Amino acid sequence: MSKLPTVVHWFRLDLRLHDNLALRNAINEAENRKHILKPIYVVDPEIKNKIGANRLRFLIQSLQDLDLNLRKINSRLFIIKGKAVECLPKIFEKWHVKFLTHQVDIDSELVKQDEIIDQVCDENDIFVVKRMQHTVYDFNSVIKKNNGSIPLTYQKFLSLVADTQVKDTIEITKNILEECKSVDFESDEYNVPSLEEVGINDSELLECKYPGGETEGLKRLNEYMAKKQWVCSFEKPNSSPNSIEPSTTVLSPYLSHGCLSAKVFYHKLKQVENGMKHTLPPVSLMGQLMWREFYYVAGAGTKNFDKMVGNTVCTQIPWGKNETHLQAWAQGKTGYPFVDAIMRQLKQEGWIHHLARHMVACFLTRGDLWISWEEGAKVFEDYLLDYDWSLNAGNWMWLSASAFFYKYFRVYSPIAFGKKTDKEGLYIRKYVPELKKYPSEFIYEPWKAPKSVQRTAGCVIGEDYPNRIVDHDKVHKDNLQKMNAAYKVNKEKKALKRKR
Ligand code: FAD
């Protein structure tokens with residue numbers, strides 16, 4: 001084994017070569033000092049129990065693509081198997097690591113892990129370079145500009161970044177020097193694991209609509225940016241939650257895994273908008289990217305952002321518990337076809353439209369089932385390809401009217417909402433095939449169909465498709481009262497605090 005010191009770039013939520021300053025720093029350091037360069041990714045052996053099969057497949061595909069792209073510049077990806085806090089100290093010693101780079105992530109688990117690794121590096125004289133490169137703006141600077149607190153509204157956030165110049169992106173344009181290769185460069189020990197090796201069997205997986213990886217992410221971005229008129233007239237509220245083909249970009253899984261740089265997305269959007277008449281935030285495509293920035297700032301500056309208790313921005317609401325209802329919701333068996341279609345699409349494909357997320361999140365929480373947003377967030381974490389710690393928690397708080405949004409009396413109807421963009425229920429017919437032969441007039445409310453119609457359509461409610469688990473008309477009114485009471489209690493508590 002070579003005794004030359006090693007420079008490590010630790011990939012986490014930055015699975016790309018483009019616009020990766022931390023990786024670039026590692027390459028420069030290795031080349032300047034003629035040290036070994038080892039880009040690594042740590043795979044926890046228990047990963048299968050931590051993330052759903054579809055997201056795990058996306059991750060493995062992204063790692064395969066990253067390895068291929070690194071090989072194109074005369075390097076490779078080294079997969080380290082184990083828990084980061086246990087295996088990295090051993091690797092640092094074994095490889096004589098002197099320099100470590102990685103990006104700054106804000107997921108609370110990663111933050112805890114970083115504190116331990118920082119300590120190990122400190123004790124072993126390993127120089128650590130951390131780069132904020134998952135967002136367009138530096139979220140700490142935004143918080144600082146707002147006198148140390150997070151902006152509580154989107155408009156406030158926009159005003160804080162209005163005069164901030166977004167830095168240019170950086171690229172890696174040449175091959176890495178031959179002398180930076182290690183003797184174990186060809187070793188199979190560090191290969192990207194196959195799906196089988198991480199414990200996924202094919203039968204768990206459904207159609208792969210959105211393959212993972214930087215190459216795919218950049219391709220998707222470029223395809224959308226080529227549609228200039230579409231980009232410039234984009235208005236999120238006018239996109240459809242239930243179109244068969246997505247009505248928004250589906251760039252989210254690529255941004256969440258860092259296969260695509262948010263800054264590259266930003267600059268491309270600016271180029272497209274330049275000289276064109278275009279829509280504006282909050283509804284424009286740039287506005288969507290800014291929502292992402294807004295939630296990153298909020299997540300970075302709020303303790304316990306992914307929990308209700310101990311979270312200063314989150315209204316405390318006495319949610320109930322009902323495991324049967326939670327499971328019915330998660331499995332797409334509530335008896336409300338629109339809600340069920342959305343949850344089944346999510347489980348099958350790993351992505352659903354933003355307004356579809358609105359529908360099912362409202363239904364689970366303040367709308368119908370009165371179950372905590374934290375439970376819903378866990379199900380989303382399991383199923384979403386684009387799962388993102390701050391975006392998921394922030395949006396769940398919004399939808400449950402726990403933070404950022406307070407018009408709790410605006411409740412989505414599981415019957416009327418979907419009809420606005422899909423009268424015939426084509427989306428329901430695709431994802432809830434039991435109902436595919438139902439006449440359009442009953443597709444959103446099959447329990448209203450006469451028994452004879454149900455039999456002719458081949459689906460009897462209560463036998464072939466579930467009865468409604470709640471009566472929306474009744475429960476949403478009861479829940480409004482509960483929200484009203486919870487808001488009153490919170491207001492009183494705040495007033496008391498102010499007095500003290
Ligand atoms: P586009 O409309 O094409 O927007 C482009 C990009 O802007 C997205 O890729 C995304 O990065 C960002 N963006 C768009 N809408 C939002 C938003 N409301 N908040 C923050 N960023 C946004 N998004 C995630 O990436 N990960 C999550 O875990 C996640 N959980 C959510 C949970 C709930 C309950 C809700 C209501 C929304 C959640 N979102 C989450 C936000 C949003 O629904 C998705 O980002 C969006 O639907 C992704 O599709 P797209 O890429 O086609 O979006």
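Indexing begins at 1, ligand by ligand and atom by atom, following the structure's order. For the single chain, residues carry numbers from 1 onward in sequence order. The shown structure was predicted, so the numbers you read here are calculated from the model rather than taken from an experiment.
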Atom 43 (O) of ligand 1 has as its nearest protein heavy atom His354 ND1, 2.7 Å
Any nitrogen or oxygen of Trp396, main chain or side chain, under 3.5 Å from a nitrogen or oxygen of ligand 1? no
If you have a sec, work out which protein heavy atom is nearest atom 3 (O) of ligand 1 and how many Å separate them, to one decimal? Thr249 OG1, 2.5 Å
Would you name the heavy atoms of Leu13 and Ser256 that are closest together and state the gap between them? CD2-O, 3.8 Å
For the residue pair Tyr154 and Pro282, what are the closest heavy atoms and their distance? CE2-CB, 3.4 Å
Any salt bridge between Asp471 and Lys477, counting N to O under 4.0 Å? no
Between Lys145 and Asp163, is the closest basic N to carboxylate O distance under 4.0 Å? yes
Going by atom type alone, with no hydrogens or angles, which donor-acceptor pairs under 3.5 Å involve a side-chain atom of residues 297-310 and a protein atom two or more places apart or on another chain?
{"residue": "Thr302", "atom": "OG1", "partner": "Ala298", "partner atom": "O", "Å": "2.6"}
{"residue": "Asn304", "atom": "ND2", "partner": "Gly310", "partner atom": "O", "Å": "3.0"}
{"residue": "Asp306", "atom": "OD2", "partner": "Trp389", "partner atom": "NE1", "Å": "3.0"}

Which ligand 1 atoms, with their elements, are less than 4.0 angstrom from a heavy-atom of Tyr295? 19 (N), 20 (C)
Nearest to atom 19 (N) of ligand 1, what protein heavy atom do you find, and at what distance? Asn395 ND2, 3.2 Å
Indicate yes or no: does Lys378 engage Glu375 in a salt bridge with an N to O separation below 4.0 Å. yes
Using salt bridge (charged side-chain N to carboxylate O under 4.0 Å, His left out) as the criterion, list what pairs up with Glu445, not counting sequence neighbours. Lys419, Lys448
Which heavy atom in Met132 sits nearest to a heavy atom in Asp138, and how many Å separate them? SD-OD1, 3.1 Å
Taking the non-hydrogen atoms of Trp398, is any one of them nearer than 4.0 angstrom to ligand 1? no
Look at atom 40 (C) of ligand 1 and say which protein heavy atom is nearest, naming residue and atom and giving the distance to 0.1 Å. Arg357 NH1, 3.3 Å
Can you list the ligand 1 atoms lying under 4.0 Å from a non-hydrogen atom of Leu289? 7 (O)
protein heavy-atom neighbour closest to atom 32 (C) of ligand 1 works out as Asn392 OD1, 3.4 Å
Which bit of Phe234 is near ligand 1, meaning a heavy atom under 4.0 Å away: side chain, backbone, both or neither? side chain
Quick check: do Leu269 and Met225 have side-chain heavy atoms less than 4.5 Å from each other? yes
Would Asp388 count as a polar contact of ligand 1, with the cut-off being nitrogen or oxygen pairs under 3.5 Å? yes
Taking only heavy atoms of Leu255, which atoms of ligand 1 are found under 4.0 Å from at least one of them? 9 (O), 11 (O)
For Tyr254, is the nearest heavy atom under 4.0 Å from an atom of ligand 1? no
Where is the nearest protein heavy atom to atom 15 (N) of ligand 1: which residue, which atom, and how far? Lys236 NZ, 3.3 Å
Can you tell me if Leu285 has a non-hydrogen atom under 4.0 Å from ligand 1? yes
Below 4.0 angstrom from a heavy atom of Phe380, which ligand 1 atoms are there? Numbered from 1 as shown, please. 32 (C), 33 (C), 34 (C)
Quick one: which ligand 1 atoms are inside 4.0 Å of a heavy atom on Leu251? 9 (O), 51 (O)
Working note: Glu434 + Arg344, criterion salt bridge (charged side-chain N to carboxylate O under 4.0 Å, His left out); need CA distance, chi angles, decisive distance, verdict. CA-CA 13 Å; Glu434 303 94 293; Arg344 294 186 196 187; 3.0 Å; yes
Can you sort out which atoms of ligand 1 are near Ser256, meaning under 4.0 Å from one of its heavy atoms? 25 (O)
Minimal non-hydrogen separation, Tyr487 against Phe405, with atom names: OH-O, 3.9 Å
In ligand 1, which numbered atoms sit nearer than 4.0 Å to a non-hydrogen atom of Val250? 50 (P), 51 (O), 52 (O)
Under 4.0 Å to a heavy atom of Ser252 - the qualifying atoms of ligand 1, by number: 9 (O), 25 (O), 48 (C), 49 (O), 51 (O)
is_close_aromatic(Tyr336, Phe363), centroid dist under 6.0 Å: yes
Sidechain N-carboxylate O distance under 4.0 Å for Arg468, Asp340: no
Evaluate the criterion salt bridge (charged side-chain N to carboxylate O under 4.0 Å, His left out) for residue pair Lys474 and Asp478; output intermediate values, then yes/no. CA-CA 7 Å; Lys474 182 181 174 319; Asp478 297 345; 2.7 Å; yes
Who's the nearest protein heavy-atom neighbour of atom 22 (C) of ligand 1, and how far? Gln288 O, 3.6 Å
To check your reading of the model: name the closest protein heavy atom to atom 16 (C) of ligand 1, its residue, and the distance in Å. Trp291 CB, 4.0 Å
Best match, Leu384, Leu399, Asp386: closest heavy atom to atom 26 (N) of ligand 1: Asp386
